[in-house]
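Everything on this sheet refers to the single structure shown next.
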Amino acid sequence: MVEPGGAQPPEQRPDEWLPPGSSRQPANPRPPEPRRPPEPRRPAEPGGITGRWPDPPTWPAWQPPRTASAPSRTPWYVPAVVITVVVVLLIAFAVVAGRSVAGLLERPRYVERPERPEFPSPRPTAPGVPERPVTVPWRLEPAALRPDLGGAEFVGPIDGDFSGPYVSAVDPKVADVWVTLTGDREERSMAAHGIDPATGQKLWDRPMEGGLCAAEADRHGVACAELLDRDRDTGLGRKWRLHLLDPRTGEPRISRDVDGWFSALHRSGDTLVVLEQREPYPHAALRGFDLATLKPLWELDLSKVPGHEHLFSGNRIIARKDPDREGVVMDRPRFRDVGYGPKADRTGGDGLVALWAGQRTAFVQPRTGKLIMMPQCSRLVDDGHRLWCNEPDGAQSYSYAGKALRRVSGPRLAFPGDDGVGVDRNRPIFIDHNGAPVAVDPDTGKVGKPYSVPGAGSAFGETTMPGAESVGEHTFLVGDGGAMLVHPEQDKITWINKYITHTDTPILIKDELLLGSYRADVVDLATGERRGTAKLEGLYTVAVGSRIAGVGPDLLCLQQFG
């Protein structure tokens, strides 16, 4: 067990493996390929590598002719002795090998941990359900928006946040517009585009080199940052121009030039929060700008805060291009708006913005830049009353004012899924080492018993744990044991569907859920029963405002479900 304050391995989530769903992504990873069935193998190019074992040689191979030899003078009994010895050796080898294999099969998969109950293998086949029609009123490929740019792609995440979206929405009360970014495969020659979500027509576009845009736009406009100057040695942006764009035309209402090493943008209330990864690294800083005027409000240098190094990792798990930055980078940085619950008066009424990266989370007042705390916090959940953080051997709750409240020893928080849009408020789910949900009293920290089946699985030789997904007021635990709807107030399961073992963020359409990826299950919200299946478009299916989009590097489309 690693002690608090020591170097921590990054937390993993089932859908962070490569390919979709390996425990580490390479430097500057490409977005995962769309979830398509594998293509048939193609014949190998002459002298090329096929990616599979070579075909066996033709047999028998040509051999030189044999010359006649004199009859053998070996005594007749020698072959019999040789055959007997060989047979005995083969029998002995088989016995030893059999015992070795049996010993391996009898070993537990996890040292000093009991075997967990499992569903039979293979998993029972799900009952047949009808195919639900999916209509796509419009679809856009990046080449249609960028005929001037060969190999154009949609760039995501649009805000630089590790889990941010490929497309963002303007408040429809202001303007019904989607905003997206395009660029080449190296995220150069970028541009921002305004799209009419009803028709897919391009409303406007403008150059936006190195573009970063806040994932939520409101009455003030669309906040974006355009790269003006790159560092000669690293290729990183060191001078930027902040824009407040009119969502109807894309024209700047206000612009302001700012020096800095921008990495991500986030709108928190009326404040634009900028994350910087300064050179020389590792050096994290946050800056706040008034959203209406883009005037600087505050600057917070996190390098002086204890635990700063735990925001970084040498594993280079990043989402946007980070050219020529060797060594460590911020480990999966995400922004979340928290602290808006019943006790929000303790945050000054404006809530908190949380920078969640690696093994630490910085909680900051967005209007003042005051740092409330930066505890060891590898998984963050705001339950509307308190903040929860995962620590090496359990979980810890904090008040919105930064006071430590309750310690939970043993169970840990399931990975909370959230897209960073809106206020992040989720039901905490605690799981044991088998991935089973465990009852925990949030007021006392008292640990009870598991209340449902285990949900741990494996991928590429590594253990995967179930994740918690939220949509509206509903929280789901999805893992190897199935998809479970968790009761909103009590530690019990409302229903479980053992046929659904993975999902992107659930989407709620009236009284039905879309759970899954590529081909989703249509599930009755009340009972968990599968009503149908639906073939989805794009690498991800996401809710953008009140609409449902298919998004990815090669596609942006509107989807409607029958």
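Side-chain contact check for D521 and T533: no donor-acceptor pair (N or O, by modelled atom type) lies under 3.5 Å. No hydrogens or angles considered: nothing links the side chains of D480 and H502 as a donor-acceptor pair under 3.5 Å. A donor-acceptor pair shorter than 3.5 Å cannot be found between the side chains of Y340 and D382.
The ring-ring contact (aromatic ring centres under 6.0 Å, His included) test applied to F154 returns no partner, not counting sequence neighbours. For the salt bridge (charged side-chain N to carboxylate O under 4.0 Å, His left out) test, residues two or more places apart in sequence or in another chain that qualify with K202 are D205. Applying the side chain to side chain donor-acceptor pair (under 3.5 Å) criterion to T180, with sequence neighbours excluded, gives no partner residue. E131 meets the salt bridge (charged side-chain N to carboxylate O under 4.0 Å, His left out) test with R519; sequence neighbours excluded. Scanning for ring-ring contact (aromatic ring centres under 6.0 Å, His included) contacts around F363 gives an empty result, with sequence neighbours left out.
A salt bridge is absent between R425 and E473: the closest approach of a Lys/Arg side-chain nitrogen to an acidic carboxylate oxygen does not fall below 4.0 angstrom. A salt bridge links D176 with R547; the closest basic N to acidic carboxylate O contact falls under 4.0 Å. For D424 and R334, the salt-bridge test fails: no basic side-chain N is under 4.0 Å from an acidic carboxylate O. With salt bridges taken as basic N to acidic carboxylate O contacts below 4.0 Å, none links K449 and D432.
A donor-acceptor contact shorter than 3.5 Å is absent between the side chain of D441 and the backbone of K446. The closest donor-acceptor contact from the side chain of T135 to the backbone of P137 lies at 3.5 Å or more, if one exists at all. In terms of modelled atom types and a separation under 3.5 Å, the side chain of R332 and the main chain of F162 share no donor-acceptor contact. Judged by distance alone, with hydrogens and angles left aside, the side-chain atoms of W138 form no donor-acceptor pair with the main-chain N or O of L558 at under 3.5 Å. Between the side chain of R248 and the backbone N or O of V174, at least one donor-acceptor pair lies under 3.5 Å. Not one N or O on the side chain of E153 forms a donor-acceptor pair closer than 3.5 Å with the backbone of P553. A side-chain donor-acceptor contact under 3.5 Å links H487 to the backbone of E489. Under a 3.5 Å cut-off, the side chain of R379 and the backbone N or O of E391 do not form any donor-acceptor pair. With R320 contributing its side chain and V155 its backbone, the two residues share no donor-acceptor pair below 3.5 Å. Side-chain atoms of Y400 come within 3.5 Å of backbone N or O of G384 as a donor-acceptor pair.
For L294 against L242, the heavy-atom pair with the smallest separation is CD1-O, 3.7 Å. V338 and A354 make their closest contact through CG2-CB, 4.2 Å (heavy atoms, listed as atom of the first residue, atom of the second, distance). When every heavy atom of E537 is checked against every heavy atom of Q559, the shortest pair comes out as N-OE1, 3.0 Å. Minimum interatomic distance between A223 and L265 (heavy atoms only, all atoms of both residues): O-CD2, 4.0 Å. Counting all heavy atoms, side chain and backbone alike, L413 lies closest to A395 at CG-CB, 4.3 Å. Nearest heavy atoms, S378 versus Q359: CB-OE1, 3.5 Å.
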Determine, stepwise, if the pair S470 / F476 fulfils side-chain contact (heavy atoms from CB on, under 4.5 Å).
CA-CA 6 Å; S470 299; F476 305 87; over 6 Å; no
Run D511 and R531 through salt bridge (charged side-chain N to carboxylate O under 4.0 Å, His left out) and show every step you take.
CA-CA 11 Å; D511 64 342; R531 291 180 173 178; 3.7 Å; yes
I would like to know whether L275 and F262 meet side-chain contact (heavy atoms from CB on, under 4.5 Å); could you show each step before the answer?
CA-CA 6 Å; L275 170 63; F262 288 12; over 6 Å; no
Mind running side-chain hydrogen bond (donor to acceptor under 3.5 Å, both in side chains) on S163 and R336 for me, showing each step along the way?
CA-CA 11 Å; S163 55; R336 297 291 182 265; 3.2 Å; yes
Does the pair T182 and R146 meet the rule for a side-chain hydrogen bond (donor to acceptor under 3.5 Å, both in side chains), with working shown?
CA-CA 8 Å; T182 58; R146 299 297 302 278; 3.1 Å; yes
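For the pair S399/R386, no side-chain contact is recorded, criterion being any heavy-atom separation below 4.5 Å from C-beta on. A heavy-atom distance below 4.5 Å is not found between the side chains of T541 and D504. Looking at D290 and T271, their side chains never come closer than 4.5 Å, going by heavy atoms from C-beta outward. Counting heavy atoms from C-beta outward, L513 and V471 have side chains that approach closer than 4.5 Å. Side-chain contact between P127 and R530 is present, with heavy atoms from C-beta onward closer than 4.5 Å. At a threshold of 4.5 Å between non-hydrogen side-chain atoms, the residues P466 and V478 do not count as touching. Side-chain contact between I372 and L352 is present, with at least one heavy-atom pair separated by less than 4.5 Å.
For E141, the CD atom sits in a loose shell: 12 or fewer heavy atoms of surrounding residues, nucleotides or ligands are nearer than 6.0 Å.
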Which side-chain N or O atoms in residues 210-220 pair as donor and acceptor under 3.5 Å with protein atoms at least two apart or in another chain?
residue, atom, partner, partner atom, Å
E216, OE1, G422, N, 3.3
E216, OE2, G422, N, 3.3
D218, OD1, H220, N, 3.0
D218, OD2, R267, NH1, 3.4

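The aromatic rings of W388 and F430 stand perpendicular to each other, their planes meeting at an angle above 60°, with 30° marking the opposite boundary.
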